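Note that the structure is a prediction, hence the values are computed from the model and not measured.
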Amino acid sequence: MQFDILTLFPEMFEATLSASILGRAQAQGLFAAKAHNIRDWGLGRHKQVDDYPYGGGAGMVFRPEPLFACLEAVLELPEPLSSENPLTVDFPVILLSPQGERFNQQIAQELANHSRIVLVCGHYEGFDERIARYATNRELSIGDYVLTGGELAAMVIVDAVARLKPGVLAEESPHEESHTRPLLEYPHYTRPAEFRGWKVPDMLVSGHHAKVAEWRFKESLRRTLQRRPDLLAQVEPELDKKERKLLAHVRQEETERPSLSQENS
């Protein structure tokens, strides 16, 4: 898998892409990521990449010429993009934008099926609309908030997608994580078995693997019910008979459970 990141600040990616799991995965050749400086294709002596918006208004707008030129060079297109020569590639060229589709685990899994992904990071007030329409083929947002630029969003997407490629993580890890089904992940514990009076649940130290698996799934249901009932509503129709029974038990237990104020009184 190849990630190409178009940005005004390529130095922001150096530490993120070279550290920890992503760094080891790149060293092993499991994926590659390269940041390309859009300003190298800037206009004039000052390498200008932005300008005032037509019609007036606050802020500056990303000009199309530097971005198109950078993209054409990265993709090694034989001819410049135009109304007569539109972008026709079979992989995602993604504009990071607060107006884009909300990024989630399902989209990460979809993107992991591609061998190449291009991520376009913006700055300023916004992009010239011709960039969104004709230089990219998808817009993604990582949440309902505004960042100073698309670099942090690009890092999130690279991390979420690359870790799904075979060999990047332990074989079982991606299948048990939060949002994979979609359910939130069960609680984790490690040694010591007792810490300052708080004990690890007995089931986890029982050595009974089938019971441990059932406990983990039940606690996954509980955590999703407590924190993200919207996700539970999505997955509930897909539960089998045994799983529905576990969910019914969780709901009953949560109904009978004392409130936090009662527990602390």
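- The closest side-chain heavy-atom distance from D51 to V61 is not below 4.5 Å.
- At a threshold of 4.0 Å, the pair R116-E76 does not count as salt-bridged, since none of the basic side-chain nitrogens sits closer than that to a carboxylate oxygen.
- Rounded to the nearest 0.5 Å, atoms OG1 (T7) and CG (N37) are 7.0 Å apart.
- Under a cut-off of 6.0 angstrom, the local environment of CD in E253 is crowded, with over 12 non-hydrogen atoms contributed by other residues, nucleotides or ligands.
- The CD atom of Q99 sits 13.0 Å away from the CG atom of L96 when rounded to the nearest 0.5 Å.
- Counting heavy atoms from C-beta on, the side chains of Y134 and L81 never come closer than 4.5 Å.
- Although no hydrogens or angles enter the test, the distance criterion places no donor-acceptor pair under 3.5 Å between the side chain of Q26 and the main chain of S18.
- For R244, the CZ atom counts as densely surrounded, since its 6.0 Å shell holds more than 12 non-hydrogen atoms of other residues, nucleotides or ligands.
- For the pair E139 and S97, the tightest heavy-atom approach, listed with the atom from each and the gap, is OE1-OG, 3.2 Å.
- A single hydrophobic cluster is not seen to contain both Y186 and Y189; linkage of ILVMFWY side chains at heavy-atom distances under 4.5 Å, directly or through other members, places them apart.
- The CD1 atom of I131 sits 10.5 Å away from atom CZ of R63, with the distance rounded to the nearest 0.5 Å.
- Comment: D240 does not engage K242 in a salt bridge, judged by the lack of any side-chain N to carboxylate O separation of less than 4.0 angstrom.
- We find the CD-NE2 distance between E151 and H123 to be 3.5 Å, quoted to the nearest 0.5 Å.
- Side-chain atoms of N85 come within 3.5 Å of backbone N or O of P80 as a donor-acceptor pair.
- When all heavy atoms are compared, the tightest approach of D4 to H36 is OD1-NE2, 2.8 Å.
- Between F62 and V49, some side-chain heavy-atom pair lies under the 4.5 Å cut-off.
- Nearest heavy-atom pair across L43 and P66 is CG-CG, 4.3 Å.
- No side-chain donor-acceptor contact under 3.5 Å links S220 to the backbone of R216.
- Put simply, the side chain of K165 gets close to the backbone of A112: a donor and an acceptor are under 3.5 Å apart.
- Enclosure of atom CG in D202 is not indicated, since only 12 or fewer non-hydrogen atoms of other residues, nucleotides or ligands lie within 6.0 angstrom.
- For Y54, the OH atom counts as loosely surrounded, since its 6.0 Å shell holds 12 or fewer non-hydrogen atoms of other residues, nucleotides or ligands.
- No side-chain heavy atom of V118 sits less than 4.5 Å from a side-chain heavy atom of V89.
- For the pair L164/Q105, a side-chain contact is recorded, criterion being any heavy-atom separation below 4.5 Å from C-beta on.
- The nearest pair of heavy atoms linking T136 to I94 is CG2-C, 4.5 Å.
- You'll find the side chain of V158 stays beyond 4.5 Å of the side chain of M155, heavy atoms only.
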Does I142 form a side-chain contact (heavy atoms from CB on, under 4.5 Å) with L147? I'd like the steps, not just the answer. CA-CA 10 Å; I142 62 168; L147 300 170; 4.2 Å; yes
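- Partner of M1 under the side chain to side chain contact (heavy atoms under 4.5 Å, CB included) criterion, chosen from I117, L111, V168, N113: I117.
- The two residues Q106 and P182 come nearest to each other via the heavy atoms NE2-CB, 4.2 Å.
- Hydrophobic clustering (side-chain heavy atoms under 4.5 Å, transitive across Ile, Leu, Val, Met, Phe, Trp, Tyr) groups F68 together with L87.
- In this model, a donor atom of one side chain and an acceptor atom of the other lie less than 3.5 Å apart for Q226 and E254.
- Note: the hydrophobic cluster containing W215 does not contain L225 (ILVMFWY, side chain heavy atoms under 4.5 Å, direct or indirect links).
- Contact check for F127 versus V120: side-chain heavy atoms found under the 4.5 Å cut-off.
- Pairing each heavy atom of C121 with each of I38, the nearest pair is O-CD1, 4.1 Å.
- We find the CZ-CD distance between R138 and E110 to be 4.5 Å, quoted to the nearest 0.5 Å.
- Atoms CG and CG, on L232 and L221 in that order, are 6.5 Å from each other to the nearest 0.5 Å.
- Ring planes of F3 and F31: perpendicular class, angle over 60° (limits at 30 and 60°).
- Transitive grouping of hydrophobic side chains (ILVMFWY, heavy atoms separated by less than 4.5 Å) keeps V212 and V250 in distinct clusters.
- Of the possible polar contacts, one joining the T224 side chain to the L184 backbone as a donor-acceptor pair under 3.5 Å is found.
- With sequence neighbours left out, R196 forms a salt bridge (charged side-chain N to carboxylate O under 4.0 Å, His left out) with no residue at all.
- Of the options I107, V156, N104, L95, a side chain to side chain contact (heavy atoms under 4.5 Å, CB included) to L140 is made by I107 and by none of the others.
- Within the 4.5 Å cutoff, the side chain of L77 has no heavy atoms near those of the E79 side chain.
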